[in-house]
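Single-structure report; data block below.
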Amino acid sequence: MVARPEQPVPVQILSSGPQERGGARALAEHLRREGVQVVASEAVAPEALAGALSAALADPGLGCVLVVSGAGLAADPAAVAAVRAAGEAVAAFDGLFRWSCFQRFGGPALFASAALARAGHVALAALPDHGEAAVMAWDALIAPNLAALGAGIDLAPADEAPELPPETPGEPRVEGGIHVEAIGGGTPPEPDEEHLAA
């Protein structure tokens, strides 16, 4: 089922390093074009990253934090460790990210790495300082799963949910010719004689 936000998911982008990274700028521009609310895109010293993630988790106005670091297709190992330590790691993400990189970039994907975790109402990700790879990770792996990650958005609205046929109170449910229950709290009738004879 496709995750659909009732309102834009507030996202913070952190560049691990002395200045905002090119990959972070590319990611922020893409998210804004897609209508995502980017509340901040800023640099944070690597040694201050754990504290920045803790502050994000305490912010009720945030739904997702994306940490951009490293070089090429690999996020910095310290950023990956910080994201995994801050929440419940999604183990399959790194492998799926590497496979997606292989499909798009070929052999260099051998060294690709990233991380995804969930912590309360915030989804956390460590992504490489590679604009195209970071955008791909968001579009293909993170954005479609924000609801499952608890990032403050709901699944498809109730008015689009499939309609179930109405049930009549008191009408028995029948399985294989046997009345197994009476909906509405009545007493289930006895099996019919024809079924017993079989």
Side-chain angles (χ1 to χ4, degrees), residues 1-3 9-36 38 40-57 62-120 122-151 153:
M1 184 175 291
V2 177
V9 179
V11 175
Q12 180 181 27
I13 300 176
L14 300 174
S15 292
S16 179
Q19 59 188 9
E20 185 181 27
R21 292 173 173 264
R25 286 193 297 273
L27 183 58
E29 290 170 3
H30 174 75
L31 265 57
R32 291 186 176 112
R33 284 196 301 268
E34 294 295 311
V36 177
V38 179
S41 181
E42 56 195 11
V44 58
E47 61 271 18
L49 182 57
L53 292 176
S54 294
L57 295 179
L62 276 180
C64 184
V65 179
L66 306 174
V67 180
V68 177
S69 66
L73 296 174
D76 182 71
V80 169
V83 163
R84 289 175 175 164
E88 178 188 351
V90 179
F93 180 79
D94 185 50
L96 288 171
F97 174 74
R98 188 176 295 110
W99 173 246
S100 298
C101 285
F102 175 72
Q103 291 182 309
R104 183 165 299 190
F105 306 113
L110 178 66
F111 303 100
S113 66
L116 182 66
R118 52 185 170 191
V122 180
L124 308 168
L127 303 174
D129 185 19
H130 187 294
E132 191 176 351
V135 166
M136 176 192 67
W138 170 266
D139 286 347
L141 300 173
I142 301 173
N145 292 298
L146 283 172
L149 292 165
I153 67 173

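Note that the structure is predicted; figures quoted are calculated from it, not measured.
- Nearest approach of Leu57 to Val122, heavy atoms of both residues: CD2-CB, 3.7 Å.
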Checking side chain to side chain contact (heavy atoms under 4.5 Å, CB included) for the pair Leu66/Gln12: CA distance, chi angles, key distance, verdict?
CA-CA 6 Å; Leu66 306 174; Gln12 180 181 27; over 6 Å; no

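- What you find for Ala52 and Val44 is that their closest heavy atoms are CB-CG2, 4.1 Å.
- Considering only heavy atoms from C-beta on, Arg84 comes within 4.5 Å of Asp94 through its side chain.
- In this structure, the side chains of Val90 and Asn145 stay at 4.5 Å or more apart for every pair of heavy atoms.
- Ser113 contributes a side-chain N or O that, together with a main-chain N or O of Ala75, makes up a donor-acceptor pair within less than 3.5 Å.
- Other residues, nucleotides and ligands contribute only 12 or fewer heavy atoms inside 6.0 Å of the CZ atom of Phe102.
- The line from CG of Leu31 to CH2 of Trp138 is 5.0 Å long, rounded to the nearest 0.5 Å.
- Between the CD atom in Glu34 and the CG atom in Asp139 there is a gap of 6.0 Å [rounded to 0.5 Å].
- Once rounded to the nearest 0.5 Å, the distance linking CZ of Phe93 with CG of Leu141 reads 5.5 Å.
- Across all non-hydrogen atoms, the minimal contact from Ala82 to Leu49 is CB-CD2, 4.0 Å.
- Of the possible donor and acceptor atoms, none in the side chain of Arg25 sits under 3.5 Å from a partner among the backbone N and O of Ser41.
- The two atoms that bring Ala119 and Ala86 nearest to each other are CB-O, 3.6 Å, heavy atoms only.
- Taken to the nearest 0.5 Å, the CZ atom of Arg32 stands 12.5 Å off from the NE2 atom of His30.
- For Val68 against Pro128, the heavy-atom pair with the smallest separation is CG1-O, 3.7 Å.
- Summarising the geometry, atom CD1 belonging to Ile142 is positioned 5.0 Å from atom CG belonging to Leu127; distances are rounded to the nearest 0.5 Å.
- Closest approach of Leu116 to Ala125, counting heavy atoms only: CD1-CB, 3.9 Å.
- Between Met136 and Cys101, some side-chain heavy-atom pair lies under the 4.5 Å cut-off.
- The distance from atom CZ of Arg118 to atom CG of Leu124, rounded to the nearest 0.5 Å, is 11.5 Å.
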